[in-house]
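When reading the values below, keep in mind they use all heavy atoms of this one structure, side chains included, and skip hydrogens, waters and symmetry mates. The chain is numbered in sequence order, starting from 1. Indexing begins at 1, ligand by ligand and atom by atom, following the structure's order.
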Amino acid sequence: MSIIGDVIAKAKERDPYEFEFHQAAEEVLESLETTTKKHPEFVKAKIYERIVEPDRVIMFRVPWVDDKGQVQVNRGFRVQFNNAIGPYKGGLRFHPSVNLGILKFLGFEQIFKNSLTTLPMGGAKGGSDFDPKGKSDNEAMRFCHSFMRELFRHIGPDRDVPAGDIGVGGREIGYMYGYYKKIMNEHTGVLTGKGLPYGGSLIRPEATGYGCVYFAAEMLATRGFTFAGKNVAISGSGNVAQYAVEKVNQLGGKVISLCDSSSTIIDEEGISPEKCDYIMDLKNVRRGRISEYADRYANAVCYIGNSIWDVIKEQGIKVDVALPCATQNEVDEEHANALVKNGCICVSEGANMPSTPEAIKVYQQNGLLYGPGKAANAGGVATSGLEMSQNSMRLSWDREEVDQRLLTIMKNIHSSCLDAAEAYGMKGDYVAGANIAGFLKVANAMLAYGVV
Ligand code: NDP
């Protein structure tokens, strides 16, 4: 068996039920095969074996009291995967599906993504099986305070800097940061995604969605295309999806879909900036469901209980560019085949690992421009890195400056992917390029430290 095959087999044997982690590890490691030949020093130092094992995993009880006075108990996690190139950095996810395998996959991806941004950040991820949907502000606050009552001892501005992810937006970050500040008696850059009055950065809420669109624009440009006049399918309707809609509109594209976990809406006239404002109010302020969009806009069609990619497949909806911005493994092989059939030329992933390995094969076999999440959605963490810099310097950059830096970072990530792919004999392969470019910096740092 090859070195890489052996590492994958051992990772699966060691934790047989961590399926998402196996999938992420396999996807990264397989594209690192060529590095084992060019870098015998990595093989000798067992960098591949070491990089799939987290530095540490913290699991803890999160008890809290609901509005009826009942005690509830959730489980909290922080996976500190690798801090070779900087403090641990990665989001917190609050969703009932959260388990250790999912957080290990996300933390592992984060190592390479953070390295790709060129900023000094290690990889981590955390969260809880708590479901913020349908919870009152007081319940969310009591949960977040309890979560931070344990997490505070493991994080710090030079140690580990969490941020948001699914189910963790401005409200949750505010409650967690407020509690950290209270018990540590410190006002410091320990979380990113903070509100503007207390250390947040302009453009951080927008960054992942904007960055995903910037990355797609870079890919399209390699073939002489732009977003102008393109039909764009976006999934999700949360933070990443909303700002992807905003940026596609700014670049002249037409967004024709959104979804949440209950339904899909198709609006062939396009989700205009005014409709996007409505969605932001619906989802972020009123905490409503996307199906309400179809009540408000009569031309839109709502498919209750249907996945967006099933709807696109079954209705034969024309899509030029697809931006999956909801969750992992949402696009499977059949969905990918339908996208190809319906005219799709580009997939840029706002979500983490939204395409199954079989779907990725379909994109690649059909010559689609395909930007994997760890490159295409790295704008979020990159801007978190900019938030950390501003906190350390005790100053705030204006909107244009942060957006310009984000755009430059996304362009640089795009060219690093292409350069690394070409240097390792896989020209035009963004998957291999992202994995190799992200890996080399971390591997060299690990090598420098000796066996630790
Ligand atoms: P949000 O919680 O703001 O939004 C998630 C959206 O996806 C919601 O509309 C949610 O619907 C929908 N969704 C979740 N699960 C499913 C499902 N099984 N089927 C259909 N829709 C679903 O999260 P974010 O926008 O922050 O994150 C979205 C993705 O982007 C995740 O993969 C995340 O890891 C990734 N990401 C986020 C970053 C960030 O800065 N926020 C940075 C990099 C990556 P519902 O309301 O019904 O749950």
May I ask you to check whether [Y] and [X] place their ring centres under 6.0 Å from each other?
X: Tyr370; Y: Tyr363; answer: yes
X: Tyr17; Y: His22; answer: no
X: Tyr175; Y: Tyr179; answer: no
X: His414; Y: Tyr430; answer: yes
X: Phe81; Y: Phe108; answer: yes
X: Phe143; Y: Phe94; answer: yes

Keeping the roles fixed (side chain from Asp277, backbone from Met280), state whether a donor-acceptor pair exists under 3.5 Å.
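The answer is no, because no donor-acceptor pair under 3.5 Å joins these two groups.
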Using a strict 4.0 Å cut-off to heavy atoms of [X], name the atoms of ligand 1 that fall inside it.
X: Arg289; result: 45 (P), 46 (O), 47 (O)
X: Cys325; result: 28 (C), 29 (C)
X: Gly350; result: 30 (O), 35 (C), 36 (N), 44 (C)
X: Arg204; result: 40 (O)

Assess whether salt bridge (charged side-chain N to carboxylate O under 4.0 Å, His left out) is satisfied between Lys411 and Glu218, documenting all intermediate values.
CA-CA 7 Å; Lys411 282 175 183 268; Glu218 288 298 305; 3.3 Å; yes
How does [X] reach ligand 1, if at all, at less than 4.0 Å between non-hydrogen atoms: by side chain, backbone, both, or neither?
X: Glu206; result: neither
X: Arg93; result: side chain
X: Glu330; result: neither
X: Asn352; result: both
X: Ser235; result: neither

Tell me whether Gln328 has any N or O atom under 3.5 angstrom from an N or O of ligand 1.
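No, Gln328 has no N/O under 3.5 Å of an N/O on ligand 1.
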Please confirm whether Lys133 comes within less than 3.5 Å of ligand 1 when only nitrogen or oxygen atoms on both sides are compared.
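Between Lys133 and ligand 1 (N or O atoms, distance only) the closest approach is under 3.5 Å.
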Side-chain heavy-atom pair Asp129, His95 within 4.5 angstrom cut-off:
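Counting from C-beta outward, Asp129 and His95 never come under 4.5 Å.
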Starting from [atom], what is the nearest protein heavy atom, named by residue and atom, and what distance separates them?
atom: atom 47 (O) of ligand 1; value: Ser261 OG, 2.4 Å
atom: atom 25 (O) of ligand 1; value: Val240 N, 3.0 Å
atom: atom 17 (C) of ligand 1; value: Thr327 CG2, 3.7 Å
atom: atom 23 (O) of ligand 1; value: Ile166 CA, 3.4 Å
atom: atom 34 (O) of ligand 1; value: Asp165 OD1, 2.6 Å
atom: atom 4 (O) of ligand 1; value: Gly238 CA, 3.3 Å
atom: atom 42 (C) of ligand 1; value: Thr208 OG1, 3.3 Å
atom: atom 2 (O) of ligand 1; value: Gly167 N, 2.9 Å

Candidate with minimal heavy-atom separation from atom 28 (C) of ligand 1, of Ala351, Gly91, Pro132, Ala326:
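Comparing heavy atoms across Ala351, Gly91, Pro132, Ala326, the nearest one to atom 28 (C) of ligand 1 lies in Ala326.
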Over 12 foreign heavy atoms within 6.0 Å of CD, Glu334
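No.
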Do Lys275's NZ or CZ and the ring of Tyr293 fall within the cation-pi criteria of under 6.0 Å and 45°?
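Lys275 over Tyr293 ring: no.
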Write down the atom of Gln364, the atom of Val431, and the distance for their closest heavy-atom approach.
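Residues Gln364 and Val431, closest heavy atoms: NE2-CG2, 3.5 Å.
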